[in-house]
Structures are given as C-alpha cells and as structure tokens.
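This report concerns only the one structure given below.
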Number of protein chains: 2
Amino acid sequence: MEKTGLNDQESLLSLENFLCFAIYSTANAVTRAYQPRLAALGLTYPQYLVMVVLWEEENQTVKAIGEKLSLDSGTLTPLLKRLETAGLITRRRDTVDERQVLIGLTADGRAMRARAEAVPVAMGKAFGCTMDEAKSLRSELIVMRDNLIESIEEVK
Amino acid sequence: MEKTGLNDQESLLSLENFLCFAIYSTANAVTRAYQPRLAALGLTYPQYLVMVVLWEEENQTVKAIGEKLSLDSGTLTPLLKRLETAGLITRRRDTVDERQVLIGLTADGRAMRARAEAVPVAMGKAFGCTMDEAKSLRSELIVMRDNLIESIEEVK
DNA sequence: GCATATTAAGTTGCACACAATTAAATTGTA
DNA sequence: TACAATTTAATTGTGTGCAACTTAATATGC
C-alpha cells in the first residue's frame, strides 16, 4: 500500500515537471509567436523588449536595462551592439562614471515606436485570454519568478 | 478625452508586454534555478526534460520526443548527441523505417532516475506555491501556449 | 511500376542565455 | 594618499532554440 497518495503516473518526476515545463514551453511559444509579428520591424523578441524599455526611458545604463529584463551583460552587450549596427540605438560611455555605458535611441529607434504599436494588438488576440486573466496570470508568475530567484541565492 | 480608458503609463506597448515578459523572465528563472540542482547529475535543464521523457517511456523516436517537448530536430539532434557522449542514451536507426532514429537509455541513464528524484522535491520548495496553485497555473499556461501555437499557423 | 510528394533526421547559420573570467574605473578605508 | 575591495561592461566558451535547407527513406497517385 502506497503512503504517498501518488500512483506511478503521478510520480514526482512527472508531476512536478509539468509546471516548470508549462512555463518553459509557453515561453518558447511566446518567442515563436512574436517572431512573424516582429519581422516587419527587423527585431527579435529580446531586442523588442530592450526597445520597449528604452521607449519608456532613454539613456539607461546596460546594468539598468539588465535589471529590468533580468539579463546580464553577457547577453546584453552583443544584443545592444546588433541594435546599434541596425541604427536603432546609441552607446556611449558615461563621462562622469566611465564604467557605465549609456544606451540611447536614434531618430530611427524613436520612430519605430509608432510602428511597434501594432505588435501588442496582434499578440493580445494570439494569447486568447481576457485582460483580467492576463493580469492575474502575470502577477502569479512574477511571484513565482521572484521565489525562484530567491531560491537560487540560497543554494549558492 | 481618451476613449481607450488607458493612460500613458498603461499604453499597450507597456501593458501587454507584461504577460509575455512575465512568462519569458520566469522561464529564464526556471532554467537558472534548476541549474545548481542538476549540476550533480551533469545535466542541463533541456537535457533533464529529455531524460524525464525517456524515463517515462524508452525507445522513442526523435520526432516523438520533439512533439512532447515542442522542440525540433535542430535543437534535439545535437542535444541527444551530447547525452549519447555522456553515456546516458543510445541512438539507433529503426530497422523497419530507416528514416527514424530510436532513442533508448543506457544502464547509466536508467540508473540516474533514482538520483533525479531529489530534483523535483527541491524545486517544489523553490517555486513556493501549493500543489493546487501549481496545477491551475499549469493548465492556464498550457491553454495559452496552445492558443499561441495555433495563432502562429494563422499568421503563416 | 514509377515519378512525385511527404516525412524524419541531420546540417547550417544566427541569436540568445548564462557561467566564469577579465579589464578598467570607482569607492572605501586604513 | 596608497591600496584593497567593489562595480560595470566586455569577453569567452558552452548549450540551447529555431528558421531554412539537405539528404535519405517511405508513401502516394496515376
């Protein structure tokens, strides 16, 4: 007689997987779903996120962008260089603190915002949920994300 | 007078971002949180997912594994080669249909399952939510994921 | 029976993610 | 004011993801 209340099909190795895997596979689907909608702008999904952050506030440091997106310089530096090559952003050393690099928008980068407005409209339909569902799901995920990040510190 | 009911802070370009970004950044956090727990097994998170699929059923084709994990051969082929090099899985052509490659477990791969049982226990705590919360969040995400995947077909 | 279409896996090229390390600038402190 | 500790980006190396393409094998239609 099993005392766990779980049968073979519900073993921990299958069951627990599902939440993490649901997150993982949904995130992959998000990226794939954005791709055709971002193609007109010539942006990848992470590049789009950086542009959104910059449309909200110009002249942020690499570190500030990284904190907002939970990405480190190993990811951001090459990504920002590609956005610079594409003529969308500017990168310049802060003259006061020369460790920092300030990321700004070019006229093209600023102008892209208007065209980008169509993306969330299209994606809203693709998600296929109500605004309220989206909001509650979002807040649940953020709680969980912060729990996970906290747990990483503890393991170290 | 605005008719949208949204102020500047709630513009579509910020607002809609949050659900997709919550999913994206939580998925990154999931991978980072698993990493130290999987290090003892010498597995990455996607490799762990493949092993879980194989622990549930041996001798699956690359395609079958790919359908379960929503990954294509471009991702799986090199990943499976690494697992083969690590001595955890076997790869052999199906003699009946030689287009297919059957993925099996080695004795080491099979034996790893027992050690892997500790991973979901540790991760369950890291997520910091109840089993019921996890279940409902999981099903909401899967609905959304399938909506997204369907929408990709429509765009093409 | 045979040309055509389809399918499965592999390959190529590009762009993330992230750990670990490095280099340069700034801060803290004795 | 030296000088060690910290901070910021950049760099290096590995492993995904995925689109686009190739190759080989099987299925299909006529």
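Source: prediction; values computed, not measured. Note on naming: letters A, B, ... go to the chains in the order of the sequence lines (proteins, then strands), and numbering restarts at 1 for each one.
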With sequence neighbours left out, write down each residue that passes side-chain hydrogen bond (donor to acceptor under 3.5 Å, both in side chains) with A:Arg93, or none if nothing qualifies. none
Encode nucleotides 6-18 of chain C as B, S and - characters from 5' to 3', where the letter depends on protein heavy atoms closer than 4.0 Å: B to the base, S only to sugar-phosphate, - to neither. -BSBBB---SSBB
List the atom pairs, donor and acceptor, that lie under 3.5 Å between side-chain atoms in residues 74-89 of chain B and the rest of the protein, sequence neighbours left out.
| from | atom 1 | to | atom 2 | distance (Å) |
| --- | --- | --- | --- | --- |
| B:Thr77 | OG1 | B:Ser73 | O | 3.0 |
| B:Glu84 | OE1 | B:Arg91 | NE | 3.1 |
| B:Thr85 | OG1 | B:Lys81 | O | 2.9 |

Whole-Å gap separating P (D:dG17) and CD1 (B:Ile23): 16 Å
Remember a base hit wins even if backbone is also touched, and classify A:Val50 as base, sugar-phosphate or nothing at under 4.0 Å, heavy atoms. nothing
Partners passing side-chain hydrogen bond (donor to acceptor under 3.5 Å, both in side chains) against B:Gln60 (at least two apart in sequence or in another chain): B:Lys68
Do A:Asn147 side-chain atoms and B:Phe127 backbone N/O form a donor-acceptor pair below 3.5 Å? yes
Rounded to the Å, how far apart are B:Tyr34 OH and D:dT16 C1'? 17 Å
With sequence neighbours left out, the residues meeting side-chain contact (heavy atoms from CB on, under 4.5 Å) with A:Thr31 are A:Tyr45
Across all chains, not counting sequence neighbours, the side-chain contact (heavy atoms from CB on, under 4.5 Å) partners of A:Ala126 are A:Arg37, A:Met123, B:Leu148, B:Ser151
How many whole angstroms separate atom CD1 of B:Ile65 from atom P of D:dT16? 14 Å
What's the CG-C1' distance between B:Leu69 and D:dC18, to the nearest Å? 15 Å
